[in-house]
2 protein chains.
Amino acid sequence: MMKAIEIPKSLIEETIARIREAILSGELPLGSKLSEQRLADMLGVSRSPVAQALAILKTEGLVEIYPKRGSYVYLPDARDVSEMCEYRSILETAALTLSLERQKAGLLSSLRGAMQAMETALQAKDLKAYSQHDMAFHLAFLAHCENRRLEAAYARTISSVIGVRTHVFLSGSSHSERSMAEHRQIFAACEAGKAVDACRLLKAHIHRLDEDFGASLGGADSIG
Amino acid sequence: MMKAIEIPKSLIEETIARIREAILSGELPLGSKLSEQRLADMLGVSRSPVAQALAILKTEGLVEIYPKRGSYVYLPDARDVSEMCEYRSILETAALTLSLERQKAGLLSSLRGAMQAMETALQAKDLKAYSQHDMAFHLAFLAHCENRRLEAAYARTISSVIGVRTHVFLSGSSHSERSMAEHRQIFAACEAGKAVDACRLLKAHIHRLDEDFGASLGGADSIG
DNA sequence: CGCGGTAATGTAACATGTTACATGGCAGTT
DNA sequence: AACTGCCATGTAACATGTTACATTACCGCG
């Protein structure tokens, strides 16, 4: 049987993905200037798809646009990060509660898989892999909550969190062992069906980024 | 003292606002086809700003884009509306809780103002005004929660809710008196500082749209 | 030395031209 | 009548040209 030929994504989608990736990986540092023309040249496309991509990334909070002057990678201050974490924890605890009600078995199975991968990565000291599976752990709540709007909203907001986390990682203010322990606790609460406890733990866990970001500001004035 | 001259908004912003308004008012019915060219002609602009506007409206969930084929006003089914309401109630109850913690006095004052305006509009049987002040009531929670991300997320999501509500209004399945009573209850709970009760009432109130939408589907097959 | 004006440059906003894709109808074949 | 492929049309994706705005540096003048 022949396989369907793969339809190439639109240039805009591709451009969005590339720029987002560059920001999340730290290749385009927080606060750095983005010229449509330069980005277009780098990616080998014209300015149109770049302009549209930046407009979309703005709605994700990853890019700030100053009309006629230029665009910049977002540069959160402590308050921004704080609000970001609070918002994220609102979405994620809601998703946790719903998925525990609606797809508990599937949720636990996904969480278990992510946790095992995290343990492995931690022992191998592979921080990148750890980070990916950490993300998978959190995405599991969204994948099983049976609300596509909530899932989409989370996807839209999580990018900027990852961007901050990359920055924190690069500045060396992260604590993987504690993080791992917290994930284990959250999982245990979910398994026991204690939604309220799980939410409390999850909220505290998410707000840890706040502290780490503060530490990264104090430790090294790497931003700006 | 001279007043600052007003800077004309960008065409894109203006285009977004116009198209959004047309959808929310029912001028462009749910599910109807949108041609970039026709919209550009109607608004007297070129296709570029229209294309960008549609891309943004897509992220708000107001428009669906099928590559190379055309764009359409969103056409939610019962499940979509259900998820929309659930998502909205997640954001709004979170905002209620936060604003009660952080700016209780300001919140109560805004709520009171909105409620009085609603009463007046109800007595005058001015449904349009009622609807606007109803919206102001709900926005008060967001305005006082001190989390700009949450506020922005709400702004992005509320459009599609309004679009559905317009449809419900037009099909005559709305119940303003009951709505008014619910707002009074929510306000009372807030005033008493009973956040949990207020959230429960608010959630039920928001999900009322669900029922009304169902009724509008059954009563008249006006969609599609 | 400070100030006002101006010119140069970078930038995106916007318009428009070109291309490729999706669709529907129609004709030709059986 | 049914099926097949072609063509006409509508559509947006993308590229590029043009314009207007914002910022900066500089220069001449007080």
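The sequence lines fix the lettering, A, B, ..., with proteins before strands; numbering per chain opens at 1. Values below: every heavy atom of this structure, side chains too, minus hydrogens, waters and symmetry copies.
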| request: Compute the centroid of each ring, for A:H138 and then for A:H205, and state whether the two points are separated by less than 6.0 Å. | output: yes
| Between atom NZ in A:K68 and atom P in D:dC21, what is the gap in whole Å? | 6 Å
| N/O (side chain, B:S46) to phosphate O (OP1/OP2, C:dA15) under 4.0 Å | yes
| query | Does atom CD of B:Q37 have more than 12 heavy-atom neighbours from other groups under 6.0 Å away? | reply | yes
| query | Once you round it to whole Å, what is the distance between C1' of C:dC14 and CD of A:E36? | reply | 12 Å
| query | Taking atom P of D:dA22 as reference, at what distance in whole Å does atom CD1 of A:I65 sit? | reply | 16 Å
| task | In whole angstrom, give the distance that lies between atom CZ of A:R69 and atom P of D:dT23. | result | 5 Å
| said: I need the NZ-P distance between B:K58 and D:dA12, as an integer number of Å. | reply: 14 Å
| query | Is there a side-chain contact between B:L98 and B:L150, using heavy atoms and a 4.5 Å cut-off? | reply | yes
| query | Can you find a donor-acceptor pair, distance only, under 3.5 Å between A:R38 side chain and C:dG10 base? | reply | no
| Looking at B:K33, does any N or O in its side chain come under 4.0 Å of the phosphate oxygens OP1/OP2 on D:dT11? | yes
| query | Do the side chains of A:T93 and A:F141 get nearer than 4.5 Å, heavy atoms only? | reply | no
| note | Quick note, A:R47 side chain, CB onward, closest among D:dA22, D:dT16, D:dA13 is D:dT16
| In this structure, are over 12 heavy atoms from other groups packed under 6.0 Å from B:K104 atom NZ? | yes
| request: To the nearest Å, give me how far apart CD (B:Q52) and C1' (C:dC14) are. | output: 10 Å
| task | Determine the contact category for A:L34: base if any of its heavy atoms lies under 4.0 Å from a base atom, sugar-phosphate if only primed atoms, P, OP1 or OP2 are that close, otherwise nothing. | result | sugar-phosphate
| What's the closest nucleotide to the A:L11 side chain, out of C:dA13, D:dC14, C:dA15? | D:dC14
| query | D:dA15 P sits how many Å from A:L39 CG, rounded? | reply | 14 Å
| Whole angstrom value for the distance that separates C1' of C:dA12 from CD of A:E64 | 17 Å
| query | Hey, is the side chain of B:S10 pairing donor to acceptor with the base of C:dA13 inside 3.5 Å? | reply | no
